[in-house]
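Here is the structure we will look at.
Numbers for residues simply follow the sequence, beginning at 1. Note that ligands are numbered from 1 as they come in the structure, with each ligand's atoms numbered from 1 the same way. Computation of the quantities below employed the complete heavy-atom set of this structure, encompassing side-chain atoms and omitting hydrogens, waters and symmetry-equivalent molecules.
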Amino acid sequence: MNANPEVLKQHLIDPEICIRCNTCEETCPVDAITHNDDNYVVDASKCNFCMACISPCPTGSIDNWRTVLKPKAYSIDEQFTWDELPAEQELDGAPLLAAALEPIDATDAADDEEALELDASHLADPLSGSQVPPWSASHPYVNLYGHKAPVKATVAGNFRVTALGTDSDTHHVVLDFGTVPFPVLEGQSIGILPPGVDAKGRPHHARQYSIASPRDGERPGYNNLSLTVKRVTSDHDGNPVRGVASNYVCDLRKGDEVRVIGPFGTSFLMPNHPDSNLIMVCTGTGSAPMRAMTERRRRRIDLDEGGRLMLFFGARSQKELPYFGPLMNLPKEFIDINFAFSRDDGRPDGAPKRYVQHLMRERGDDVAALLRDDDTYLYVCGLKGMEAGVLEALEAVCAERSIDWRALHAQMKREGRLHFETY
Ligand code: A2P
């Protein structure tokens, strides 16, 4: 806390490291974080230092602070223009930090603590999922390569994984790192720096993609990984746009060099211990981490480690579902697959769409049986709207079977057993 009431330890986001993934803005319980086309910024008049945004940030760019005089706090408009964080300021020749760290008397400290408690007390935990990994997850490496020193990967393959002639042009892209260390785990992501500059002449920001291959490589024993990338051709309102990074990645050819940063992600990780069950819920390219985890388990099938896999996968149609063919080839006793097709299941006009959350309710008995097992880990990845739908489905599944979802939800979050990555 600040000793000097005129001094503020201002919360800022480093624009050089931020990958604009929106996680902080979604997480902030008081809407202190906002963004424009360039930067994500923190409104000093709203931020109450609750720290809810710190751990979900995949890059650590959120954890930056500058000591300023309160009236001179950086405005959000100022922050929108930054390419890098400003240097720490000085006050009358003395660094502001020293002013902020003057000894605090006991009364002040008690007041501050109370203020902090009061600030945090009205905040229900804003996050639906865990901020910690499963207890048996492997330790992830993160931020090995940043914007200033990205690693160069070579494209080893690029092919379409949705049927031709559909709107969903989704690609499976394999990147090889040669002899450069780039250790990853299932559930982690990387950033890709598209070449060129934006309309303002600034280098494009990195775009984050989930890794679709297991830790030992897309090709086992090779230093490579795969991504699942959908070509963006329209914005959220359906207006035509050409997504800079997705089109760049989908058009890559074998042998091309790509600038990569990362890896990112410390909690959306899979358990390693025998008999752990995975419930995986995804839509579209949200299937990437599910493919990684499933493939990890498939490669170890002969070890007979136990544990059930249950997958709920939503797409507009079978033809637009990435990896449909390979998924159908997996043995039924290895994985319980449930597809939700929203646009082509022959339902009558006007009938409600079929989404993953509807299927979860239909399979409620089996979902509940897994939820009753303390060794079950649940992962959700894909469209943002799915998050609320899945939570409602879980609540309903539990309510219909006399399971206390409120308590179970809290327990699963605490135990690193409930993970969301939605966008
Ligand atoms: P929809 O037919 O309503 O678009 P996309 O192809 O855009 O990546 O979407 C993948 C699937 O997710 C589609 O079937 C889409 O259905 C579905 N979807 C859209 N909104 C939601 C939601 N709120 N919850 C679950 N699934 C959704």
Side-chain angles (χ1 to χ4, degrees), residues 21-22 26 128-129 160-173 189 207-212 226-247 249-250 268 279-292 294 310-328 337-364 367 378-397 418-423:
C21 65
N22 206 51
E26 275 167 22
S128 313
R160 185 170 165 144
V161 284
T162 45
L164 288 169
T166 61
D167 284 346
S168 303
D169 183 8
T170 303
H171 285 239
H172 182 73
V173 179
S189 57
R207 304 303 203 281
Q208 188 186 7
Y209 296 105
S210 287
I211 296 164
S226 61
L227 307 173
T228 314
V229 181
K230 182 176 178 182
R231 191 187 293 279
V232 173
T233 52
S234 59
D235 65 16
H236 283 300
D237 301 321
N239 304 314
V241 291
R242 201 182 139 76
V244 172
S246 68
N247 280 278
V249 175
C250 287
F268 195 109
I279 302 179
M280 298 173 280
V281 188
C282 63
T283 54
T285 54
S287 55
M290 314 314 181
R291 178 182 185 271
T294 303
M310 191 170 198
L311 173 70
F312 294 92
F313 194 163
R316 298 174 189 188
S317 66
Q318 178 181 312
K319 287 181 172 171
E320 293 178 80
L321 187 130
Y323 310 113
F324 181 77
L327 273 170
M328 294 310 288
I337 299 179
N338 303 269
F339 293 127
F341 297 123
S342 57
R343 301 194 192 182
D344 81 339
D345 59 357
R347 64 184 194 285
D349 282 350
K353 292 187 178 211
R354 197 170 157 82
Y355 286 162
V356 281
Q357 52 267 42
H358 305 136
L359 271 187
M360 290 177 76
R361 291 190 68 165
E362 281 172 31
R363 295 291 314 276
V367 172
L378 204 150
Y379 299 85
V380 181
C381 187
L383 296 174
K384 180 77 197 148
M386 184 181 43
E387 189 166 328
V390 167
L391 283 167
E392 277 164 29
L394 289 168
E395 191 173 2
V397 163
L418 184 60
H419 296 277
F420 291 90
E421 193 148 294
T422 56
Y423 35 83

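For atom 10 (C) of ligand 1, the closest non-hydrogen atom on the protein side is Thr283 CB, 3.8 Å. Distance from atom 9 (O) of ligand 1 to its nearest protein heavy atom, with residue and atom name: Leu383 CD1, 3.5 Å.
Nearest-heavy-atom check against atom 18 (N) of ligand 1 across Tyr355, Phe339, Phe341 picks out Tyr355. Evaluated by nearest non-hydrogen atom to atom 25 (C) of ligand 1, the leading choice among Glu387, Lys384, Gln357 is Gln357. Considering only non-hydrogen atoms, atom 16 (O) of ligand 1 lies nearest to Ser342 out of Ser342, Gly284, Gly314.
Under a 3.5 Å cut-off, the side chain of Thr162 and the backbone N or O of Ser168 do form a donor-acceptor pair. The main-chain N or O of Thr294 is never found under 3.5 Å from a side-chain atom of Arg291 such that the two would form a donor-acceptor pair. Here the side chain of Tyr423 pairs a donor or acceptor atom with the backbone of Gly286 at under 3.5 angstrom. The backbone N or O of Cys381 sits nowhere less than 3.5 Å from a side-chain atom of His419 that would complete a donor-acceptor pair. No side-chain donor-acceptor contact under 3.5 Å links Ser189 to the backbone of Gln208. Of the possible polar contacts, none joining the Asn247 side chain to the Arg231 backbone as a donor-acceptor pair under 3.5 Å is found.
Proximity of Arg343 to ligand 1, defined as any heavy-atom pair under 4.0 Å, is confined to the side chain (atoms from C-beta onward).
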Check the pair Phe339, Phe324 against ring pair (Phe, Tyr, Trp, His ring centres under 6.0 Å), reporting the backbone distance first and the verdict last. CA-CA 10 Å; Phe339 293 127; Phe324 181 77; 5.2 Å; yes
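If you number the atoms of ligand 1 from 1 as listed, the ones under 4.0 Å from a heavy atom of Gly385 come out as 22 (C), 23 (N). Atoms of ligand 1 found under 4.0 Å from any heavy atom of Arg316 (numbered from 1 in listed order, with element): 5 (P), 6 (O), 7 (O), 13 (C), 14 (O). Listed by number with element, the atoms of ligand 1 under 4.0 Å from a non-hydrogen atom of Lys230 are 5 (P), 6 (O), 7 (O), 8 (O).
Note on Arg343 versus Glu320: no salt bridge recorded, every NZ/NE/NH1/NH2 to OD/OE distance being 4.0 Å or above.
Remark: ligand 1 and Ala315 share an N or O pair separated by less than 3.5 Å (distance only, no angle test).
Not close to ligand 1: Glu320, with no non-hydrogen atom less than 4.0 angstrom away.
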